There are 2 protein chains.
Amino acid sequence: MSACNSCVVRTQAMCSILSDREREEFARLGRQMAVPTGQTLMWEGADSMVVANVVSGALKLSTSVQDGREQIVGVVYPSDFIGRPFGKTSPHSVTALSDARLCVFPRGAFDMFARSHPDLEHRLLRRTLDELDRARGWMLLLGRASAREKVATFIRDVAGRLAAEGDAPLTRFDLPLSRQQIADILGLTIETVCRQLTAMKRAGVIDLIGRRGVAILNPDQLEDMAHAA
Amino acid sequence: MSACNSCVVRTQAMCSILSDREREEFARLGRQMAVPTGQTLMWEGADSMVVANVVSGALKLSTSVQDGREQIVGVVYPSDFIGRPFGKTSPHSVTALSDARLCVFPRGAFDMFARSHPDLEHRLLRRTLDELDRARGWMLLLGRASAREKVATFIRDVAGRLAAEGDAPLTRFDLPLSRQQIADILGLTIETVCRQLTAMKRAGVIDLIGRRGVAILNPDQLEDMAHAA
DNA sequence: CGGTGAGTTGAAAGCAATCAAATGGCGTGG
DNA sequence: CCACGCCATTTGATTGCTTTCAACTCACCG
C-alpha cells in the first residue's frame with residue numbers, strides 16, 4: 001500500500017535496511033509531503049516536532065543573528081535526513097531551496113520506532129557521523145580560506161554532489177542556489193561571490209551561462225584554486 | 001578488576017548505560033592511556049585505528065591546509081568521545097592540549113561491540129547529534145562574526161564550559177588554550193586575538209592576569225559583545 | 001516589449017592580516 | 001633568592017582583502 005515501493009530514494013535512504021514488514025509499519029507513522037520553494041519547514045529554536053527524509057529537491061539548514069546576517073550551516077539533498085531526533089528544539093531553520101518532496105514523521109513516533117530498531121539507529125548514526133565530518137570540513141573553509149578558495153571549493157563540491165552516485169563530477173550544470181545563498185554558505189557577501197565568479201570566468205577556469213548555469217572548463221585549475229589562491 | 005569502578009567520568013561517559021557485566025566485557029577491549037601535552041593521538045587522513053573516551057584533560061580536533069594554516073574544529077573534555085567509528089580514516093588530527101588520560105579502544109573491536117549493544121549506540125548517536133549541533137553553531141561564528149564577537153563569545157563559552165555542570169559560569173579562571181590556539185579556533189591571527197583581548201580589558205569588561213588568567217568583570221557587557229560588536 | 005529583481009561592476013572605506021619590534025612571564029642556573 | 005634567557009604575548013605601522021555603498025545591466029516573466 002505504501003508509496004515506499006515506488007520511492008526514488010528507497011535504496012539509499014536509511015529506510016532501506018528495514019524489512020518489507022518493518023518498512024510498512026514505519027511508513028504508517030509518516031506521510032509524504034510537498035514543500036514549495038522558499039517555504040520554511042522548521043524554525044530555529046522552535047519545538048522539534050517532526051523529522052523527515054528528503055525524497056526530492058534541496059533544502060538549506062540555517063541560523064542567524066539578530067541583525068539579519070544569516071549563515072547556512074548545511075544543504076540537504078535526496079535521501080538525506082532532516083530534523084533533530086531525541087531533542088526538544090530544532091537548532092536551525094530548514095527551508096526549501098527548490099520544490100521538494102519529503103517523507104515526514106512526527107518526532108515522538110520516530111524516536112520510539114528508532115529506539116526499537118537498532119539497525120535503523122545504526123544507519124542514522126553513520127549518517128550523522130558523516131554529516132559531522134562534512135560540517136567540520138566546512139569549518140576549515142569558513143575559518144581559513146580566502147574568498148577565491150571558498151568559491152572554487154563550492155563550485156567543485158556542487159559539481160561532485162550533483163553527479164549521480166559514483167559518477168565523475170559534472171562539467172556543466174545549474175547551481176541549486178542563488179548568489180545570495182552561496183554567499184550565506186561561504187560566509188561572504190553577494191558582491192564578493194560575483195567578483196570571484198567573474199574573475200574565474202576571465203581566467204578561463206569556468207564559464208557562466210545565464211543566472212544559474214556553470215561550465216567547468218579547466219577542472220585542474222579549479223582544483224588548484226580550491227586549495228590555495 | 002577494571003579501572004571503571006573508580007573512573008571519574010563513569011557516570012557521564014557513554015559507558016554508563018552498560019550493566020556491570022557488560023561494562024566489564026567492554027573494559028577488557030580497551031585500556032587506559034596517558035597522553036602528554038602536545039602529543040598527537042591521531043593524524044588527519046590516517047587510518048582510523050582507535051576510538052577513545054576522555055577521562056581527564058582537554059584535546060583539540062584540527063585540520064589544516066598545505067601552507068600551515070590550521071583550523072581547530074573541536075575541543076573535547078572529560079567524558080567526551082574521540083575518534084571515527086565505522087569509518088576508514090580519521091577526518092582530523094587529535095592532539096592533547098594538556099596532559100590527558102584516555103580510555104582507548106581498537107576501532108574494530110569497538111565497532112563490533114557497539115553493533116551488538118544498541119543502548120551504547122543510542123548513547124553515541126545522541127552524543128554525535130549534540131556534537132553536530134555544536135559544530136554548526138560554531139560555523140555561524142566563523143562565517144559571520146567579527147573579531148570582537150568571536151573573542152567575546154569564546155571567553156563566555158569557556159567560562160560556561162569550565163564551570164561544574166549546572167553551576168553559573170566562572171568569573172575567574174585560566175584559559176586552557178594559548179593565544180595561538182584561540183586564534184586557530186576562531187579563524188583569526190594571534191595578533192588580532194591579543195588586540196581584542198586588550199581592547200576588552202581597556203573597556204573594563206574583563207581583566208587579564210598573567211598569560212592564561214581571565215577575570216570577567218562585566219558579564220552583561222561581555223554578553224552584548226558576543227552578539228554584536 | 002517593458003518591468004522587476006537578481007546579478008554585476010565600480011569606488012571607497014574598514015577591518016583584520018602581515019610584517020616588525022618591544023615587552024614581560026616563567027623556568028633555569030647561578 | 002636573584003639574574004638571565006627564551007619564548008609567548010603584546011604593541012605598532014602598514015598593507016590588502018573583503019565589505020559597503022551605489023549605480024548599472026540583464027535575464028526572465030508577464
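Side-chain atoms are counted along with the backbone in the values below, which use heavy atoms only and exclude waters and symmetry mates. Note that the structure is predicted; figures quoted are calculated from it, not measured. So you know, we letter chains A, B, ... as the sequences are listed, proteins then strands, and number each from 1.
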Expressed as a whole number of angstroms, how long is the span from [X]:[atom1] to [N]:[atom2]?
X: B/D174; N: C/dC26; atom1: CG; atom2: C1'; answer: 14 Å
X: B/Q180; N: C/dT18; atom1: CD; atom2: P; answer: 11 Å
X: A/Q181; N: C/dG7; atom1: CD; atom2: C1'; answer: 14 Å

Is there a donor N/O on one and an acceptor N/O on the other, under 3.5 Å, for the side chain of [X] and the base of [N]?
X: A/R211; N: C/dG7; value: no
X: A/R195; N: C/dG7; value: no
X: B/E191; N: C/dC19; value: yes

Fill in the blank from the handout: In the 5' to 3' direction, the nucleotides of DNA chain D bounding the stretch that comes under 4.0 Å of a heavy atom in chain A are D/dT18 to D/dA27
Practice task
When you get a sec, tell me which of C/dA17, C/dG7, C/dT8 is the closest nucleotide to the side chain of B/L188?
Solution key: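 Closest nucleotide to the B/L188 side chain: C/dA17.
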Handout entry: Phosphate OP1/OP2 of C/dA16 contacted by B/T192 side-chain N/O (<4.0 Å)
Key = no
Practice task
State, yes or no, whether a side-chain contact exists between B/L59 and B/V75 at a heavy-atom distance under 4.5 Å.
Solution key: no
Problem - A/T128 and B/L132, any side-chain heavy atoms less than 4.5 Å apart - result: yes
Exercise for the section: Identify whether the distance between the nearest side-chain nitrogen and carboxylate oxygen of A/E131 and B/R136 falls below 4.0 Å. Expected result: yes
Problem - Contact nearer the 5' end of DNA chain C, comparing B/G187 with A/L197 - result: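 Of the two residues, A/L197 wins.
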What donor-acceptor contacts under 3.5 angstrom involve side-chain atoms of residues 42-49 of chain B, with partners at least two apart or in another chain?
from	atom 1	to	atom 2	distance (Å)
B/E44	OE1	B/S64	N	3.2
B/S48	OG	B/R84	O	3.3

Exercise for the section: Any pair with a residue in residues 204-218 of chain B that passes salt bridge (charged side-chain N to carboxylate O under 4.0 Å, His left out), sequence neighbours left out, goes on the list, sorted by first then second residue, please. Expected result: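 Checked against salt bridge (charged side-chain N to carboxylate O under 4.0 Å, His left out) - neighbours excluded - the pairs reaching residues 204-218 of chain B are B/K201-B/D207.
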